[in-house]
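Keep in mind it's a predicted model, so treat the numbers as computed, not measured. By convention here, the first residue in the shown sequence is residue 1.
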Amino acid sequence: LENNFPSNILVLGNKSHLEALYIMSLSDLGLMPYQRNLSMGRFSLNSLEWMSPLKMFDYMNSRLLILASYHDVLEEVLENNYSCIFIQNYDDPDAWIQNIKKIKKSHINRIGLNAKKIFNTKYTYDNRTKIILENLIAV
């Protein structure tokens with residue numbers, strides 16, 4: 001698959017969170033390719049219905065244009081063509097490549113800025129901590 005990527009796309013593999021944040025500061029795009037079944041734990045529960053990927057918030061905070069597999073749960077935070085680009089046919093690697101090739105610098109600036117604004121308004125670490133604490137107190 002990597003052979004089909006444009007020459008300015010780098011696949012770097014696993015990185016520490018600190019390394020990833022640095023790489024994000026130099027990047028334009030953040031990819032969130034999720035399968036139909038995102039199993040976790042020893043019971044292989046499908047967490048796709050309630051996941052909230054931390055990298056999504058890091059991407060938003062870094063003002064990246066996010067390309068994500070389309071899943072309903074992600075629409076709780078992201079909006080297609082406003083704060084991300086959803087890949088509807090995410091099982092098809094060519095769909096990812098074609099969407100990447102269509103991106104213009106204006107898309108990166110507009111969509112990345114919208115994601116950053118949403119992050120600053122709703123999803124900073126302080127805001128997320130307050131929401132968690134409010135939910136704990138309510139229980």
Side-chain angles (χ1 to χ4, degrees):
L1 181 62
E2 289 178 41
N3 294 336
N4 295 328
F5 286 158
S7 62
N8 61 343
I9 301 285
L10 303 175
V11 178
L12 302 175
N14 293 333
K15 299 293 176 195
S16 72
H17 189 246
L18 190 57
E19 289 173 306
L21 290 173
Y22 175 70
I23 292 166
M24 283 181 238
S25 74
L26 303 172
S27 302
D28 292 322
L29 304 177
L31 302 180
M32 294 184 9
Y34 292 105
Q35 302 164 299
R36 293 187 187 281
N37 186 2
L38 184 63
S39 61
M40 63 183 277
R42 64 184 169 136
F43 300 109
S44 297
L45 298 172
N46 186 1
S47 66
L48 209 53
E49 296 175 26
W50 43 267
M51 73 168 177
S52 182
L54 293 178
K55 74 176 167 182
M56 174 179 65
F57 297 110
D58 284 338
Y59 288 171
M60 292 171 77
N61 191 32
S62 298
R63 207 175 151 179
L64 297 179
L65 187 155
I66 300 169
L67 280 89
S69 303
Y70 175 78
H71 294 287
D72 291 342
V73 69
L74 296 177
E75 281 190 310
E76 292 176 17
V77 175
L78 301 172
E79 182 181 337
N80 191 42
N81 292 320
Y82 180 76
S83 55
C84 77
I85 295 175
F86 280 126
I87 309 297
Q88 297 291 333
N89 191 12
Y90 57 84
D91 290 327
D92 179 6
D94 287 329
W96 288 86
I97 292 168
Q98 293 310 312
N99 276 279
I100 290 169
K101 287 181 178 181
K102 289 181 199 175
I103 294 171
K104 298 180 172 107
K105 187 69 174 170
S106 62
H107 297 143
I108 294 168
N109 293 334
R110 178 181 56 83
I111 294 173
L113 179 60
N114 290 340
K116 175 67 172 167
K117 287 177 183 176
I118 293 168
F119 177 86
N120 287 343
T121 302
K122 296 182 179 180
Y123 299 108
T124 63
Y125 292 110
D126 286 342
N127 288 344
R128 289 180 12 228
T129 301
K130 287 176 189 172
I131 291 168
I132 290 168
L133 290 175
E134 287 169 2
N135 288 325
L136 285 174
I137 292 169
V139 174

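- Applying the 6.0 Å contact sphere to CG of Leu133 captures more than 12 heavy atoms from other residues, nucleotides or ligands.
- Hydrophobic clustering places Leu67 together with Val11 (ILVMFWY residues linked when any side-chain heavy atoms are closer than 4.5 Å, directly or through intermediates).
- Using a 4.5 Å heavy-atom threshold, the side chains of Asn114 and Glu79 count as separate.
- Formation of a donor-acceptor pair under 3.5 Å by the Asn61 side chain with backbone atoms of Phe57 is not found in this model.
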Exercise for the section: Dump the intermediate steps for side chain to side chain contact (heavy atoms under 4.5 Å, CB included) on His17 and Asp58, then the final yes or no. Expected result: CA-CA 10 Å; His17 189 246; Asp58 284 338; 2.7 Å; yes

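- For the salt bridge (Lys or Arg N to Asp or Glu O under 4.0 Å) condition, no pair includes a residue of residues 107-131, sequence neighbours left out.
- Criterion: ILVMFWY side-chain heavy atoms under 4.5 Å apart, direct or through other members. Under it, Ile23 and Leu10 are part of a common hydrophobic cluster.
- Considering all non-hydrogen atoms of both residues, Gly112 and Arg63 come closest at O-CG, 3.3 Å.
- Criterion: ILVMFWY side-chain heavy atoms under 4.5 Å apart, direct or through other members. Under it, Phe119 and Ile131 are not part of a common hydrophobic cluster.
- Between Asp28 and Leu65, the closest side-chain pair of non-hydrogen atoms is not below 4.5 Å.
- Ile9 places a side-chain heavy atom less than 4.5 Å from the side chain of Leu29.
- If you chain together hydrophobic residues whose side chains sit under 4.5 Å apart, Leu113 and Val77 never meet in one group.
- Checked against side chain to side chain donor-acceptor pair (under 3.5 Å), Tyr22 has no partners two or more places apart in sequence or in another chain.
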Exercise for the section: For Glu75 and Tyr70, run side chain to side chain contact (heavy atoms under 4.5 Å, CB included): C-alpha distance rounded to whole Å, both residues' side-chain angles, the deciding distance at 0.1 Å, then the answer. Expected result: CA-CA 8 Å; Glu75 281 190 310; Tyr70 175 78; 2.7 Å; yes

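- For the atom pair Leu78 CG and His71 NE2, the distance stands at 12.0 Å (nearest 0.5 Å).
- To the nearest 0.5 Å, the span separating OG1 on Thr129 from CD on Glu134 amounts to 11.0 Å.
- Listed for the Tyr59 side chain is a donor-acceptor partner under 3.5 Å among the backbone atoms of Leu31.
- The minimum heavy-atom distance between Trp96 and Ala68, with the atom names listed, is CH2-C, 3.8 Å.
- Once rounded to the nearest 0.5 Å, the distance linking CD1 of Ile111 with NZ of Lys104 reads 11.5 Å.
- Between the CG atom in Leu12 and the CD atom in Glu19 there is a gap of 9.5 Å [rounded to 0.5 Å].
- Closest non-hydrogen pair, Ala115 versus Ser83, comes out as CB-O, 3.7 Å.
- Partners of Gln98 by side chain to side chain donor-acceptor pair (under 3.5 Å), not counting sequence neighbours: none found.
- At a threshold of 4.5 Å between non-hydrogen side-chain atoms, the residues Met24 and Leu21 count as touching.
- In terms of heavy-atom proximity, Phe86 sits nearest to Asn80 at N-OD1, 2.7 Å.
- For the pair Leu74 and Met32, the minimum side-chain heavy-atom distance is below 4.5 Å.
- For the atom pair CG (Leu54) and CE (Met56), the distance works out to 8.5 Å, reported to the nearest 0.5 Å.
- No side-chain donor-acceptor contact under 3.5 Å links Thr124 to the backbone of Asn120.
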